[in-house]
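In what follows, a structure is listed as structure tokens, so that the remarks can point back to it.
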Amino acid sequence: MTETTTLDEQKARELEEKFDAEIRFRPLGPVAGWLAAAALFSLSAFHYYTAGFGLLREVTHRGVHMAFVLALIFLVFSGRRGDTKLYGSSLWRPAGIPLYDWAFMAAAVVSTLYVPWIFHDLAFRVGNPLPVDVAMGTLLILVLLEATRRSMGWPLPVIAVIVMLYALYGRYAPGMLVHPGASWPSVVNHLYLTSQGIYGLPVGVVATYVFHFVLFGVLATRMGLGQLFIDMATALAGRYSGGPAKVAVVSSALMGTITGSSIANAVTTGALTIPAMIRIGYKRHFAAAVEAAASTGGQITPPIMGAAAFLMIEFLGIPYTHIMIAALVPAFMHFFGVLMQVHFEAKRRGLRGLTKEEMPQIWKVLRRDWPTLFPLFVLIGILMNGYTPYLAAFWGITLCILVGLLNPRNRLSVRDVLEGFVTGAKYALAVGAAAATVGIIIGVVTLTGVSFKVAYMVTSTASGWATAMEPYIPFGLMSVAGLTLLMTLLLTAVVCIVMGTGVPTTANYLIMVAVTAPILALLGVEPIVAHFFVFYYGILADITPPVALCAYATAGIANSNPFSTGNTAFRLSMGKALVPFVFVFSPSMLIMVQNFSLSEFLLSTYGCVLGITALSAAFSDYLADRLWWWERMLLAFAAILLVAPELTTTIVGTLIFLPVALRPLLRKRDAVAEPA
């Protein structure tokens, strides 16, 4: 490994820790370090074993998982942000860890394991908690809020506190939001002793599915699968105009199959692709934006999507294969949109591709590293055959270990495997705490019934707006019902993006689904469609200024302006912003819907491809040649018509697009024929 590569990897790790609060760990001394490593390895080993040989009783499995997660957060995350000092051992700091953190660890273990311990008579205490139950529940809520603050920042704990205050003092709420209010024992009873709160679905999914795929992604990357994807993308796309940018898009799409983290994806591939893009002539902010936009696609790319995809399994009660199939076309549209803008930008600026000397040969890459693909193919095969995701992850992890230990090309040592288990557990800590905290929010929603009140308020507002706008819609293209749905979707999208500026994608998805799923259900939207809409717009927050953490991370690699990078990344991701509206109005795009229609699927897919091409050309000021300003306006208008999944609008959009697209081609033909 060269010194330059080492420096790139070091910078990538620093940027990942800087912008991703979930892995901002504090330095540990020898004793605390060994203790943390042993506990982290034990957590991974526990999940690996139960995935392959059988899960524990539900509440016990979740309790053991949370006990490990919360205790470890107080061990590896500092109570003060930015505290990087390594402390020595003393009376008040055993092993260099403050005494109050040891107290937090003990409180976390006792309060989380208390519910599994009293499980045998839990049915008699739900609704009538003992004072010790209330005390233990209160202790866990306090510990959980602090653990989430340390690992994720303030926004999510603040939201949890606000909703608990609403549960307690709802009689003072305004308008329709008013409710009688609940006592603290009844709130604790609902959040602590039932499966509707902290021990609910979010924690169950993280403990049963998400943790295993995080571990698989870490081990797959360590054994060389990530590097294989980058080499394959370079060999396939590097030769074309603006090659490094296309490599960034393709490699991020491939990396997205094994990692659900936008920031991790961005810094892993961006450390190589961003300097290459700058070297051939892309502007710094554009190069960083390309990597950021492409990397956010990782969470929507099958087979291993973000944690929210696994939550959908439990919410919707459908197999994971259905989620994977439903995600295929929308994921393609996102990467297609980024790729088209990258292509037009390269053509407009006359940028070159990579030379043969700068690219690996695809057959050499596959011949050298094909064993690293084996775990991924086996994992996909097990999923497609209807087995549980955690069993698929078990065999994927097992094969990663075997291939890593036996592959002569990139052989791992036993120490590397052990470190992979430790790192995988570290990466899963923050999402574990967030899931439990979101359980508080969902518990209050179910306790107070506020989601139905919000649904009525939003649909009433959207209906009023739609009635006012309907007379101004030309040719009656949309009815009042259609406009009401459109206004509701716009409100939902804005709230998702705003929430996503301070709340991680998984937590954002859980909160928004709890609140907005009833809203969209009132308007006749299928559950899987509603969940995908919220999922997509929650992810889009990673590249939406003013808080666009993925874009800021890539801006750090490119030394570009973070705000300009975020704006450009959002523009490059317009495909991802448009497609959710398309599949709400044309559900057949997701394939796995109740009334799938092939004609509707083909029409919406055709309209999306052509509409994204038109919009990309309008943004890039290029379509086979430079465009006049009025041509760009026409293309933008055509794009809006094309993505509207109606036959009439698609035909009109096509008729507008074709003359604009043919004009530069005819001009080029005339220019070539004129000298003759």
**Message:** I need the S604 OG to M589 CE distance, nearest 0.5 Å.
**Reply:** 4.0 Å
**Request:** Work out which heavy atom in A617 is nearest to a heavy atom in L627; give both atom names and the distance.
**Result:** O-CD1, 3.7 Å
**Message:** When you compare the side chain of S620 with that of R349, does any pair of heavy atoms fall below 4.5 Å?
**Reply:** no
**Side chain to side chain, T650 and L641, heavy atoms closer than 4.5 Å** = no
**Asked** Which salt bridge (charged side-chain N to carboxylate O under 4.0 Å, His left out) pairs, counting each pair once, include a residue from residues 516-537, with sequence neighbours left out?
**Response** none
**Asked** Under 3.5 Å, is there a donor-acceptor pair between the side chain of S252 and the main chain of V249?
**Response** no
**Asked** Could you go step by step and tell me if L615 and L578 meet the side chain to side chain contact (heavy atoms under 4.5 Å, CB included) rule?
**Response** CA-CA 10 Å; L615 193 62; L578 288 174; 3.5 Å; yes
**Prompt:** Side chains of Y240 and H343: do they bring a donor and an acceptor to under 3.5 Å?
**Reply:** no
**L156 to I441 - nearest heavy-atom pair and separation** = CD1-CD1, 3.9 Å
**Asked** Is a donor on one side and an acceptor on the other found under 3.5 Å between the side chain of S597 and the backbone of E600?
**Response** yes
**Heavy-atom donor-acceptor pair, S295 side chain to A292 backbone, under 3.5 Å** = no
**Prompt:** Can you check side-chain hydrogen bond (donor to acceptor under 3.5 Å, both in side chains) on T565 and S560, steps first, answer last?
**Reply:** CA-CA 7 Å; T565 301; S560 63; 2.9 Å; yes
**Prompt:** Is there a donor-acceptor contact under 3.5 Å from the side chain of Y320 to the main chain of I313?
**Reply:** no
**Prompt:** When the ring planes of F535 and Y509 are compared, do they come out parallel, tilted or perpendicular, using 30° and 60° as the limits?
**Reply:** perpendicular
**Asked** How long is the gap from CZ on R284 to OG on S564, to the nearest 0.5 Å?
**Response** 13.5 Å
**Interatomic distance, Q341 atom CD to T568 atom OG1 [nearest 0.5 angstrom]** = 9.5 Å
**Message:** Contact between L483 and W465 at the side-chain level, heavy atoms closer than 4.5 Å - yes or no?
**Reply:** no
**Prompt:** So, T554 side chain and A551 main chain: donor-acceptor pair closer than 3.5 Å or not?
**Reply:** yes
**Prompt:** What are the two closest heavy atoms between A287 and I274, and how far apart are they?
**Reply:** O-CG1, 4.0 Å
**Message:** Just by distance, no angles: are the side chains of E291 and T273 close enough, under 3.5 Å, to form a donor-acceptor pair?
**Reply:** yes
**Prompt:** In terms of side-chain heavy atoms, does T516 have a donor or acceptor partner in T492 at a distance below 3.5 Å?
**Reply:** no
**Prompt:** Can you find a heavy atom in the side chain of F532 that is under 4.5 Å from one in the side chain of M312?
**Reply:** yes
**Item:** Verdict with supporting geometry, M333 and V609, side chain to side chain contact (heavy atoms under 4.5 Å, CB included)
**Value:** CA-CA 7 Å; M333 293 299 176; V609 169; 3.7 Å; yes
**Request:** Check the surroundings of atom CZ in F596: do more than 12 heavy atoms from other residues, nucleotides or ligands lie under 6.0 Å from it?
**Result:** yes
**Message:** Strictly distance-based, threshold 3.5 Å: is any side-chain N or O of S463 a donor or acceptor partner for the main-chain N or O of T459?
**Reply:** no
**Prompt:** Is M277 close to V290 at the side-chain level, that is, under 4.5 Å between some pair of heavy atoms?
**Reply:** yes
**Request:** Report yes if the distance between the aromatic ring centroids of F583 and F533 is under 6.0 Å, otherwise no.
**Result:** no
**Request:** Measure from the side-chain N and O atoms of S241 to the backbone N and O of L351, and report whether any donor-acceptor pair falls under 3.5 Å.
**Result:** yes
**Prompt:** Is there side-chain contact between L339 and K246, with at least one heavy-atom pair below 4.5 Å?
**Reply:** yes
**Atom of V660, atom of I656 and distance for their closest heavy-atom approach** = CG2-O, 3.6 Å
**Asked** Are D621 and R348 within salt-bridge range, i.e. N to O under 4.0 Å?
**Response** no
**Message:** Does any part of the side chain of T234, heavy atoms only, come nearer than 4.5 Å to the side chain of S251, both counted from C-beta?
**Reply:** no
**Message:** Apply side chain to side chain contact (heavy atoms under 4.5 Å, CB included) to residues L485 and F585 and explain how you reach the verdict.
**Reply:** CA-CA 9 Å; L485 178 56; F585 286 96; 3.8 Å; yes
**Asked** With distance as the sole test, does T649 use its side chain to make a donor-acceptor pair with the main-chain N or O of E646 at under 3.5 Å?
**Response** yes
**Prompt:** Does a sphere of radius 6.0 Å around CE in M176 hold more than 12 heavy atoms from other residues, nucleotides or ligands, not counting ones at 6.0 Å or beyond?
**Reply:** yes
**Asked** For the atom pair CG (L523) and CG (L489), what is the distance rounded to the nearest 0.5 Å?
**Response** 8.0 Å
**Fill in**
Smallest heavy-atom separation, F657 atom then A614 atom, equals CD1-CB, 3.7 Å
**Prompt:** Does any non-hydrogen side-chain atom of L379 lie less than 4.5 Å from one of F213?
**Reply:** yes
**Request:** Measure the spacing between OH of Y552 and CZ of F563 and express it to the nearest 0.5 Å.
**Result:** 7.0 Å
**Item:** Aromatic plane relationship, F286 with Y282 - under 30° parallel, 30 to 60° tilted, over 60° perpendicular
**Value:** parallel
**Item:** Test item: R239 side-chain N/O and K356 main-chain N/O as donor-acceptor pair under 3.5 Å
**Value:** no
**Over all atoms of both residues, closest heavy-atom pair of P330 and A327** = CD-O, 3.6 Å
**Prompt:** In this structure, are over 12 heavy atoms from other groups packed under 6.0 Å from F336 atom CZ?
**Reply:** yes
**Asked** Just wondering, more than 12 heavy atoms not from K453 lying within 6.0 Å of its NZ?
**Response** yes
**Fill in**
dist T301:OG1 -> L328:CG (nearest 0.5 Å) comes out at 9.5 Å
**Request:** Go through S588 and S586 one step at a time and tell me if the side-chain hydrogen bond (donor to acceptor under 3.5 Å, both in side chains) criterion holds.
**Result:** CA-CA 6 Å; S588 293; S586 179; 5.4 Å; no
**Prompt:** Between F601 and V329, is a side chain to side chain contact (heavy atoms under 4.5 Å, CB included) present by the stated rule, with each step listed?
**Reply:** CA-CA 10 Å; F601 172 80; V329 176; 3.8 Å; yes
**Request:** Report yes or no: does H285 contribute a side-chain atom to a donor-acceptor pair with the main-chain N or O of A558 at less than 3.5 Å?
**Result:** no
